[in-house]
Amino acid sequence: MILDAEEELKNYSTQQSESKWLIMPLLIGGRMERKARVLTELPYNPKIAYFSMEICVRSDIPTYSGGLGILAGDTIRSCADLNIPIVAITLLSEKGYFDQDIGEEGEQVEKPSNFNPASSMYLVARETSVRIGNSQVKIRPWFYPVTGSSGYQVPVIFLDTNVEGNGEWERTLTSYLYGGDEKYRLAQEIVLGIGGVRILKALGFTGIYRYHMNEGHASLLTLELYNKTRNVDYVRSQCVFTTHTPVPAGHDKFDIELVRELMGEEFPKEILPHVVFDGKLNMTKLGMFFSHYINGVAKRHREVSQELFPGYSIDSITNGVHSPTWVSKPFRRLFNIYIPGWKSDPYMLRYASSIPKNEIWKAHMEAKKKLLEYVKRSTEIELDLEVFTIGFARRMTEYKRPDMLISDLSELLRIKEEAGDFQIIYSGKAHPKDTQGKMMIRKIFRAQKELEGKIKIVFIKNYNMEIAKLMVSGVDLWLNNPKIPMEASGTSGMKAAHNGVPQLSTLDGWWKEGCIEGVTGWSIGNGEPSNDEEEREDMYRKLREVIIPMFYREREKWIEIMRNCIALNASFFNTQRMVEQYVLNAYFL
Ligand SMILES: *Cc1c(COP(=O)(O)O)cnc(C)c1O
């Protein structure tokens with residue numbers, strides 16, 4: 001990975017004149033000295049600024065926790081492919097989200113991720129500051145270029161408050177993603193929103209006329225724009241907002257007293273009645289109030305959001321994934337032969353129906369072998385290449401119900417008996433404060449022990465982008481069973497579709513649009529919210545009566561479904577299509 005980074009940096013520097021470069025030792029935290037490459041200016045002129053609390057630019061830069069950060073990264077990668085004049089702003093998150101270790105009984109242990117920004121990014125010799133409480137907090141920008149398929153680059157700016165002169169607490173504000181208490185979080189959002197707008201100015205990016213808030217964490221940027229003009233319509237003409245959360249509890253809210261303490265006069269009084277409810281500042285409402293365009297991330301999510309926020313007109317742009325990033329090597333080879341040009345035009349994946357079935361199967365088995373090798377290396381458990389393999393990997397949290405499949409072990413044995421053998425691969429982190437989510441990991445470990453010698457279950461620790469790539473391409477079935485309507489979109493099933501792996505899922509988020517029963521995969525339930533019991537029975541029944549029998553006894557039909565996943569779903573559920581919709585509906589109109 002470091003090689004990759006070096007390569008990218010080399011590409012970058014050959015495009016720039018060397019005179020702009022300085023290399024300086026840098027004192028970080030007053031303790032560790034590290035060499036940073038320092039740029040004096042950035043030769044870009046972006047028109048759109050994309051703000052996100054987390055962005056995954058590369059799997060070994062741990063500035064992301066999961067779906068939202070991966071989506072932001074895929075969005076930026078597609079913007080680079082499409083030559084969109086955009087700049088992305090995020091926090092440095094120098095200690096990452098966390099690295100996950102797992103004890104004997106499945107207990108999660110969290111460790112800070114070790115990451116030195118100087119090894120993969122450039123420091124830019126510019127600075128700005130924001131007021132937080134009684135202190136003036138200095139912010140400096142790190143820069144990472146994301147290069148598109150034709151060499152076009154999108155700058156990603158990582159904000160860093162670990163700067164000489166800042167107070168002890170202020171220096172930690174860009175350390176932990178989603179860490180700390182409410183005060184820490186609000187301070188982070190001041191750095192992202194207000195600091196973000198100011199850093200754009202400090203970098204000389206004066207041509208920006210669109211600010212895109214990817215979720216409510218960045219909503220304070222609207223106040224920075226408003227305070228300069230005191231003109232709501234002017235701010236609205238510049239701002240667009242994407243919501244990612246379908247339930248009220250998921251939206252960021254801050255006690256108004258805390259807001260007063262940290263922001264003082266910078267929070268304009270006349271705006272308060274529109275965005276404060278029950279004594280809390282609602283960050284989603286703040287973002288929406290100042291935006292002329294608002295969207296949810298799937299058609300179903302639009303409907304749910306419209307009910308939550310009846311005063312606003314909400315559109316939908318369904319999420320996607322960056323096709324060249326998520327197609328595994330064996331399928332990349334296949335697409336290059338049968339669908340030349342697919343990388344720059346993923347719509348072309350619809351021609352996957354012309355790929356011979358035996359080639360699809362061969363590529364899949366190669367990806368499966370690679371995953372099973374990784375499983376062996378990391379867990380010392382040997383899975384069987386010929387046995388039907390179910391994958392479940394995502395954030396371990398209650399509404400995603402990671403324990404649904406293993407909640408009735410006798411039923412699993414019955415499925416094995418009646419339909420055929422199978423094995424299960426799990427992966428995922430629980431947020432450090434999510435006790436329910438942590439309990440679910442323990443439950444998986446308990447099931448693993450109880451089924452020992454009968455059904456193999458493995459848990460791969462420290463889920464990240466690299467493990468996701470192996471899993472979405474290497475399993476035979478992608479399982480996803482969120483509780484309706486809690487999943488705004490979900491994207492891992494789209495990654496699986498890019499590798500010809502069908503999904504079995506409740507009809508929530510994108511699957512309501514992507515599922516054609518028995519053609520691109522299968523549904524659990526009928527799309528209406530129902531109880532866990534009914535949905536679990538339906539899942540077991542489909543596995544026992546339809547899915548596993550077809551896998552073993554109707555291989556031709558199975559591969560037909562694999563091909564449909566690519567032709568019908570990968571061709572549409574990609575960020576190229578998604579970014580084109582943002583450009584037409586949110587950025588340039
Ligand atoms: C794609 C991805 C996610 C999102 O998974 P969902 O099932 O869509 O919630 C989370 N984490 C990582 C590392 C991913 O690659």
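Counting starts at 1 for both ligands and their atoms, following the listed order.
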Engineer: Tell me which part of Thr491 gets within contact of ligand 1: side chain, backbone, both or neither, using heavy atoms under 4.0 Å.
Structural biologist: both
Engineer: For the 3.5 Å polar cut-off, considering only N or O atoms, please tell me whether Lys400 and ligand 1 meet it.
Structural biologist: yes
Engineer: So which heavy atom in the protein is nearest atom 4 (C) of ligand 1, and how far is it from that ligand atom?
Structural biologist: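 Among all protein heavy atoms, the one nearest atom 4 (C) of ligand 1 is Gly67 CA, 3.6 Å.
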Engineer: Where does the angle between the aromatic ring planes of Phe335 and Trp342 fall among parallel (under 30°), tilted (30 to 60°) and perpendicular (over 60°)?
Structural biologist: perpendicular
Engineer: Looking at Arg395 and Asp434, does any basic side-chain N land under 4.0 Å from a carboxylate oxygen?
Structural biologist: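 Looking at Arg395 and Asp434, the cut-off is not met.
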Engineer: When you compare ligand 1 with Ser492, is there at least one nitrogen or oxygen pair between them that comes in under 3.5 angstrom?
Structural biologist: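 There is such a contact, yes.
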Engineer: Measure the shortest side-chain to side-chain distance between Trp478 and Met471 over non-hydrogen atoms and say whether it is less than 4.5 angstrom.
Structural biologist: yes
Engineer: If I apply the N/O under 3.5 Å rule, does Trp326 come out as touching ligand 1?
Structural biologist: no
Engineer: Could you tell me whether some N/O pair between Asn464 and ligand 1 is separated by less than 3.5 angstrom?
Structural biologist: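 Looking only at distances, the answer is no, because the N/O contact criterion of under 3.5 Å is not met.
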Engineer: Evaluate the ring planes of His212 and Tyr582, with Trp represented by its six-membered ring, and classify them as parallel (under 30°), tilted (30 to 60°) or perpendicular (over 60°).
Structural biologist: tilted
Engineer: Parallel, tilted or perpendicular, judged at 30° and 60°: which one describes the rings of Phe392 and Tyr426?
Structural biologist: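 Ring orientation of Phe392 relative to Tyr426: tilted.
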Engineer: To which protein heavy atom is atom 15 (O) of ligand 1 closest, and what is the distance rounded to 0.1 Å?
Structural biologist: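 Answer, as residue, atom name and distance: Lys495 NZ, 2.6 Å.
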Engineer: What I want to know is whether Tyr463 and ligand 1 share at least one N or O pair that is separated by under 3.5 angstrom.
Structural biologist: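 Not met; the criterion fails.
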Engineer: Take every heavy atom of Asn480, measure it against each atom of ligand 1, and state whether any distance is under 4.0 Å.
Structural biologist: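 The answer is no, since Asn480 has no heavy atom less than 4.0 Å from ligand 1.
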Engineer: Just to verify, what does Ser523 make a side-chain contact (heavy atoms from CB on, under 4.5 Å) with, not counting sequence neighbours?
Structural biologist: Leu507, Cys515, Glu517, Lys542
Engineer: Output the list of atoms in ligand 1 that are nearer than 4.0 Å to some heavy atom of Gly490, sorted by atom number.
Structural biologist: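 Listed by number with element: 8 (O).
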Engineer: Does any N or O in the side chain of Asn569 come within less than 3.5 Å of the main-chain N or O of Cys565, such that one atom is a donor and the other an acceptor?
Structural biologist: no
Engineer: Indicate yes or no: does Arg536 engage Glu411 in a salt bridge with an N to O separation below 4.0 Å.
Structural biologist: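 Judged by the 4.0 Å cut-off on N to carboxylate O distance, Arg536 and Glu411 do not form a salt bridge.
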Engineer: Under 4.0 Å from a heavy atom of Ala468: which atoms of ligand 1 are those, numbered in the order shown and with their elements?
Structural biologist: 15 (O)
